[in-house]
Amino acid sequence: MEPSAPNSIDLRGRRILVVDDDRLNVRILSNILKSEGYIIADANSGERALEVYDSFNPDLLLLDVVMPGINGFETCREVKKRYGDKAAPIIFITAKSESEDVVEGLSAGGVDYLPKPFDGKEALARIKTHLQIRLLMEQQKSLVEQLSNANAAKNKFLGMAAHDLRNPLASIRGLAEFLREGVGGPLSQDQLDLINTIHDASQSMLVMVNELLDVATIESGELKIHGENRNLSDLIEKCVFLGNIEAGKKGSHIEFHAEDRHVVMYFDGAKIKQVIDNLLSNALKFSPPSSTIKVSLTRFDKGWSVSVIDNGPGIPENERDKLFKDFSRLSVRPTSGEKSTGLGLAICRKIVEAHHGHITATNIPSGGCEFKISIPSN
Amino acid sequence: MSFNGKVLLVDDEPHIRKFMSLLLAQLGSPTVLEAANGSDAIEVYKRETPDLVLLDVNMPIMDGIGALKGIMAVDPDAIIIMLTSQSSRNLISQAAEIGASNYIRKDTPKDEILKSLRETIEACFE
């Protein structure tokens, strides 16, 4: 399908059904239309038109209003009823061009009308316009279909590629850990540095691959929540404990304060852990070394909120709407050259929303930013 | 705890077998046998009757679910831990129904894999 300007759209071969009980009118119209390269069928009544419609499958109907049997408006309503959105556009041919008739025709589902006796050039111009609109709508529909197929194929490919990359990466990371622990013999400081680099690079690549896989899963509509009743405060505690190992490398520390230590709720533990890990990792990434990250669990009217407050530069006001979108990295950079795909928060948002909750980010006037997820209890 | 039993390690990817055998060595001094597909795994199982099987799910020739069924048919008391790469719950529960004792996701950090291996071994052998 070549994109082209509307004026140059080739309409030859488009199909027009002419419906009029006046033989002469049909002949005049048919001759004008055939000379433009249209394919024509005709019918001398509304009933006949409905029969011909099925086999001829027109792109446009020219429909006389006053005919024996069902009139043009009723025929129009019947076509709309039978074919719905797929019905061909209908132009009424009417001697009665009084405004109330036109209004009835248009409200019956017609797109336009031609007053009789008609001017050939005017008729052709109007017909052409409606055929063009029809064709463009068909093309648009087919383009949307093609794009959504292409997007599904992209997601499938992304998912497969990410999936196959994951195991080798996990092995590289694991084998580097064995080397680092001296399984292959004692190491010099230089060797240890190299191995640490291999380990860290494979670790951050694994995180990126996992995020790509998550996006592919979410986009293909396969994000499923496997909920169970769990203690949310215990889960946060675990995340904070592991987060503090990472924090220690930057001389930072994560504090956790819970309003209640026995908050049992229905949620997907692995997915909510992923969200909290992501918020903690962001808080560490964007805070200067030797920061204190504050995590708290508080009640709100419908459930519980987890808040993570960092010491970072906050979110620039003009970039706020980019924050929770796919691949949106902000101008603020991590403080120790850490990597990010820009997918983490988009994934968090989708996981939290799948739990019927919401995620917010608020700059704190005294410095830093608060990320908060709120999840309803039921 | 020191585990000195015979382990059959089944995975089509050599790097996973390398990684898992290093992990197993941390549990004691096990004898590690290897197979690269489900069909070989059943043959080795019949010949060697190992104490423990680590069984990958996605493999050519015969996959892990097929091998799991084959081994359970030979020895209903076999202790088999599935090695998964996707957290597909259907597959995990399917394997559990057939008789797998546990599952391990291969992309989890090695200390977590070790912990999970130790727990299964303690539960099954002590």
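Each chain gets a letter, A, B and so on, in the order its sequence line appears, and its residues count up from 1.
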TODO: Under 4.5 Å heavy-atom distance to chain A, tell me which part of B:Leu23 shows up: side chain, backbone, both or neither.
DONE: both

Task: For the student: nearest non-hydrogen atoms of A:Asn167 and B:Glu13, plus distance - done: ND2-OE1, 3.5 Å

TODO: Report, as yes or no, whether the 6.0 Å neighbourhood of atom NZ on A:Lys238 holds more than 12 heavy atoms from other residues, nucleotides or ligands.
DONE: no

Task: Other residues, nucleotides, ligands: >12 heavy atoms within 6.0 Å of A:Lys154 NZ - done: yes

Task: Heavy-atom pair with the smallest gap, counting every atom of A:Leu175 and B:Lys18 - done: CD2-CG, 4.1 Å

Open item on the list: More than 12 heavy atoms of other residues, nucleotides or ligands under 6.0 Å from CE of B:Met72: yes or no?
Closed with: yes

TODO: Find out whether B:Lys106 and A:Ser171 are in side-chain contact, i.e. whether some heavy atom of one side chain is under 4.5 Å from a heavy atom of the other.
DONE: no

Task: Inter-residue atom distance B:Gln26.CD - A:Glu181.CD, 0.5 Å rounding - done: 6.0 Å

Task: Within 6.0 Å of CZ in B:Phe3, more than 12 heavy atoms from elsewhere - done: yes

